Structures are given as C-alpha cells and as structure tokens.
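The structure under discussion appears below in the form of structure tokens.
None of the values given here were measured: they were computed from a predicted structure. Residue numbers start at 1 and run along the sequence shown. Just the heavy atoms: all of them, side chains too, but no hydrogens, waters or symmetry mates, feed the values below.
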Amino acid sequence: CAYQRCWEYNKTTQTCNDLRKDQRTAFFLSLFLSPLGAANLYIEQVVIGGLQLAIFVGCPILVLCIWLYIFAFCFDHNDSNESVLYIFAFCCFDRNDSNEDQKKRILWPLNVLCIVWILVIMMWWVADIVAFAEDLRTSEDGCPLRHNLGN
C-alpha cells in the first residue's frame, strides 16, 4: 500500500483498500453546493467548509435582521423610536430629511454589503470548481483525492 494512511491492507483478500476521497464526488459537490461548503466538508476540511457555510448563510441573515430592524422600528416617528433611529444610524441624519432620504442613507451600505457578498461567494465557487477539477486539493488527512473525474 503506497500511502499508509490513505490505504488499508485487507489480510483476508490480501489487497489494499483505497480510503481516499473521490475527486468526482468532490467536484460535483463543489459545482452544485460549493457555497454551502459541501465539497470541503466532504474532504473533511471542516474549517474551510464551515467558513463557506457561515458566509453563505450568515451574511444574508445579518442583512435581513438589519433590514427588518430598520423598517420595523426606525421609521415610526409617532413615538419615541425616533431616537433609536439616530443612535442606530450613528446620528448622521438631519431631522429635516425625508424618510426616503433616510432610507437611502441607511440602505446603500446594505446594498454594497450584498454585492460584496455575492462577489465573494461567486469567486470562491469558481476557485473551488477549478481546484477540484484540477485535483489541487487534498483531504484533511493529507491523502490526495482518488483521480476519477476524467473516467
């Protein structure tokens, strides 16, 4: 058996069992589920896969929570929540501004955040597809992936 940690010798059949992860499976997981970190979790790269999952799921949840907060609490000027708006928006509003102007000032950073998030996800997705297609990744235990993408 070439790599001791990547192969297991079966004494009964006197053959080596291949313990390596499958390149084809990793490639298709990266092609269809890469933003969820599925391919990296498959090859037991838990930190990278977890980071992908956290970015893919966490950023939209954060933006949604901020958006809901803004529209649920900040633009009701009939009660004391107006002060919350000024604290939340770092006191950058003029009391003479209309609600539309205030919304634009708050929402443009969220729009930028969403665009950056989409670009990061897309670049990471393409990088994963190329890495798995070209067999540039190894599993967590250091074993190379089983080459079977072209077969």
Side-chain angles (χ1 to χ4, degrees), residues 1-75 84-93 97-151:
C1 298
Y3 299 100
Q4 292 300 328
R5 66 179 174 262
C6 305
W7 300 83
E8 178 182 72
Y9 184 72
N10 187 335
K11 292 180 183 179
T12 307
T13 61
Q14 296 183 351
T15 58
C16 287
N17 296 329
D18 192 353
L19 300 176
R20 297 177 298 166
K21 299 291 182 177
D22 191 37
Q23 180 190 9
R24 183 183 307 148
T25 302
F27 172 76
F28 283 110
L29 284 172
S30 72
L31 186 63
F32 296 110
L33 298 173
S34 186
L36 295 173
N40 286 304
L41 293 173
Y42 170 71
I43 64 169
E44 299 172 359
Q45 296 280 354
V46 179
V47 173
I48 296 172
L51 183 62
Q52 278 180 300
L53 182 62
I55 290 172
F56 186 73
V57 174
C59 192
I61 289 173
L62 175 66
V63 169
L64 180 64
C65 289
I66 293 170
W67 186 82
L68 289 174
Y69 176 81
I70 290 168
F71 287 101
F73 299 110
C74 292
F75 292 106
V84 174
L85 169 66
Y86 287 94
I87 292 169
F88 177 76
F90 308 106
C91 302
C92 62
F93 295 117
D97 280 352
S98 69
N99 270 352
E100 288 304 314
D101 290 339
Q102 290 178 4
K103 287 179 189 177
K104 287 177 186 175
R105 286 188 187 170
I106 290 178
L107 292 180
W108 79 264
L110 291 179
N111 291 336
V112 170
L113 179 64
C114 288
I115 291 168
V116 168
W117 171 75
I118 289 169
L119 290 174
V120 166
I121 293 294
M122 289 178 68
M123 288 187 296
W124 202 338
W125 185 24
V126 170
D128 265 358
I129 290 170
V130 170
F132 286 112
E134 295 295 321
D135 199 24
L136 302 175
R137 302 290 301 275
T138 60
S139 61
E140 181 66 28
D141 59 5
C143 295
L145 300 178
R146 187 178 324 120
H147 306 286
N148 61 358
L149 188 59
N151 298 342

By salt bridge (charged side-chain N to carboxylate O under 4.0 Å, His left out), Arg146 pairs with (sequence neighbours left out) Asp18, Asp22
The complete set of salt bridge (Lys or Arg N to Asp or Glu O under 4.0 Å) pairs with one or both residues in residues 30-56, sequence neighbours excluded, reads Lys21-Glu44
State whether the number of non-hydrogen atoms from other residues, nucleotides or ligands found under 6.0 Å of Glu140 atom CD is greater than 12.
-> yes
Would you check if Gln52 and Leu41 make a side-chain contact, meaning some heavy-atom pair closer than 4.5 Å?
-> no
Do the side chains of Ser139 and Arg20 get nearer than 4.5 Å, heavy atoms only?
-> no
When every non-hydrogen atom of Cys6 is compared with those of Pro144, the smallest separation belongs to SG-CD, 4.2 Å
CD of Glu8 to OG1 of Thr15: how many Å apart, nearest 0.5 Å?
-> 9.5 Å
Which distance, rounded to the nearest 0.5 Å, do you find between the CZ of Arg137 and the CG of Asp128?
-> 5.5 Å
Tell me the salt bridge (Lys or Arg N to Asp or Glu O under 4.0 Å) pairs involving residues 107-120, sequence neighbours left out?
-> none
Hey, is CH2 on Trp117 packed in by over 12 heavy atoms from elsewhere, all under 6.0 Å?
-> yes
Closest non-hydrogen atom pair between Tyr9 and Cys16, with its separation | CD1-SG, 4.2 Å
Check: Phe56 and Leu33 side chains under 4.5 Å, non-hydrogen atoms | no
From CG (Leu119) to CD1 (Ile115), nearest 0.5 Å = 7.5 Å
Quick one: CD on Gln45 to OG1 on Thr138, what's the gap to the nearest 0.5 Å?
-> 6.0 Å
For a side-chain contact (heavy atoms from CB on, under 4.5 Å) with Phe132, tell me which candidate from Leu149, Ile43, Thr25 qualifies.
-> Ile43
How long is the gap from CD1 on Ile118 to CG on Leu113, to the nearest 0.5 Å?
-> 10.0 Å
Roughly how far, to the nearest 0.5 Å, is OG of Ser34 from CG of Asn40?
-> 6.5 Å
Check for a donor-acceptor pair, side chain of Trp7 on one end and backbone N or O of Leu19 on the other, with a separation under 3.5 Å.
-> no
